There are 2 protein chains.
Amino acid sequence: MARTGEPDTTDYMATAGCFCMTSREAARKITRLYDSRMQESGVRITQFTILSQLMLRGEMPIGKLAGLLGMERTTLTRNLAPLEEQKWITVRSGDDPRARLIAITAPGRAAVRRAFPYWSSAQAQVGKLLGSEGQAALKLLGSRNLG
Amino acid sequence: MARTGEPDTTDYMATAGCFCMTSREAARKITRLYDSRMQESGVRITQFTILSQLMLRGEMPIGKLAGLLGMERTTLTRNLAPLEEQKWITVRSGDDPRARLIAITAPGRAAVRRAFPYWSSAQAQVGKLLGSEGQAALKLLGSRNLG
DNA sequence: CCACGATAGGTGTATCTACACTTATTTCAT
DNA sequence: ATGAAATAAGTGTAGATACACCTATCGTGG
């Protein structure tokens, strides 16, 4: 650490290339585009993501779903609350009473079905903005093991 | 819309390739890595991002800073509150009394200076996990105009 | 001068995110 | 059998995100 009076020669310019800033900015912008297109559907993209995963993969415990989404388990717990409120999912205990098994309901499937065209439109719009190179870049990013 | 009884032939499998899901998952994971490394510094990566931008670009109104960060203005307003609480930034009115000019303070600069080595460590860690291809992909993503 | 559109920003509400900590239960070694 | 380690999840707290709506001020055409 520099003592008082010593000049700070640190290259703070490097912070302009922060990977976290870039990834978060992209995620914010993309999320806004999806939510804007999907607004009429009544399903947010974050909720659509959870529901569609449950639809594709079936019932599973919270921890497993959180791992699948690269999300903290406690975050997912909170995100599930509005979905349960809407009756789009059910939460039940299985053989192991510790585990909480999450499943999509019929109304949940209906919500996905209803929101799908809006999602598809947003996906197409963002796909066009990204271009084939941007799409490939994002796909590569998703394939990286980041913990 | 399919009427009751008609089979739903929609390819929900496509949702597994959602650009929004991928970008958000990457941002979450990357953010956790940075915050984990920077925890001892007492500065969160989201706060570090705002402070370093102010440090590099100088005083500016909220709207301009929000645009720079690809963030909703109202989001930034909320994010500035903890920074002002810490006395890391100042908020003042300029010639136009509508505008609120944000500037980093001496303690704010000190916080950036103190957090920089931790940020640098996180940047290196994530850079390694991304690999040169991942870094290039993220950079390309950041260069895309997503609104 | 003044009405009005444009600009800058705050607030209410709701959701998303995650760390630290805690509770409950299972599993396993002895 | 039993106690410790491992596993699964909820809660307190705090911050990040953004839409809808609101207020205040600026600039400009008439």
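Hydrogens, waters and symmetry mates play no part in the numbers below; they use all other heavy atoms, side chains included. Note that the structure is a prediction, hence the values are computed from the model and not measured. Each chain gets a letter, A, B and so on, in the order its sequence line appears, and its residues count up from 1.
- Among the atoms of the strands shown, base atoms are found under 4.0 Å from some heavy atom of A:Thr74.
- Mapped onto DNA chain C by nearest heavy atom, A:Arg44 and B:Arg32 fall at different nucleotides, with A:Arg44 at the one closer to the 5' end.
- Listed here is the closest heavy atom pair of A:Val43 and A:Phe48: CG1-N, 3.8 Å.
- Annotation: the span from A:Met38 atom CE to A:Ser120 atom OG amounts to 10.5 Å, rounded to 0.5 Å.
- Taken to the nearest 0.5 Å, the CG atom of A:Leu83 stands 8.5 Å off from the CG atom of A:Leu54.
- When the C1' atom of D:dA18 is taken as reference, atom CE of B:Met71 falls 11 Å away, rounded to whole Å.
- With a cutoff of under 4.0 Å to any heavy atom of chain B, the contacted region of DNA chain C is bounded 5' to 3' by C:dA6 to C:dA20.
- With A:Tyr118 as reference, A:Glu40 is the one residue of A:Arg37, A:Glu40, A:Gln123, A:Gln39 to meet the side-chain contact (heavy atoms from CB on, under 4.5 Å) rule.
- Judged by atom type and distance alone, A:Arg78 does not reach the base of D:dG15 through any side-chain donor-acceptor pair under 3.5 Å.
- Judged by distance alone with a 3.5 Å cut-off, a donor-acceptor contact links the side chain of A:Arg73 to the base of D:dA9.
- Nearer the 5' end of DNA chain C, as judged by each residue's closest nucleotide, is the contact made by B:Leu101, out of B:Asp35 and B:Leu101.
- Atom CD1 in A:Ile62 sits roughly 10 Å away from atom P in D:dT11 (whole-Å rounding).
- No N or O donor and acceptor, one from the side chain of A:Arg28 and one from the base of D:dT17, sit under 3.5 Å apart.
- The CG-P distance, from B:Asp95 to D:dC26, rounds to 10 Å in whole Å.
- Per the geometry, CG belonging to A:Leu33 stands 15 Å off C1' belonging to D:dC19, to the nearest Å.
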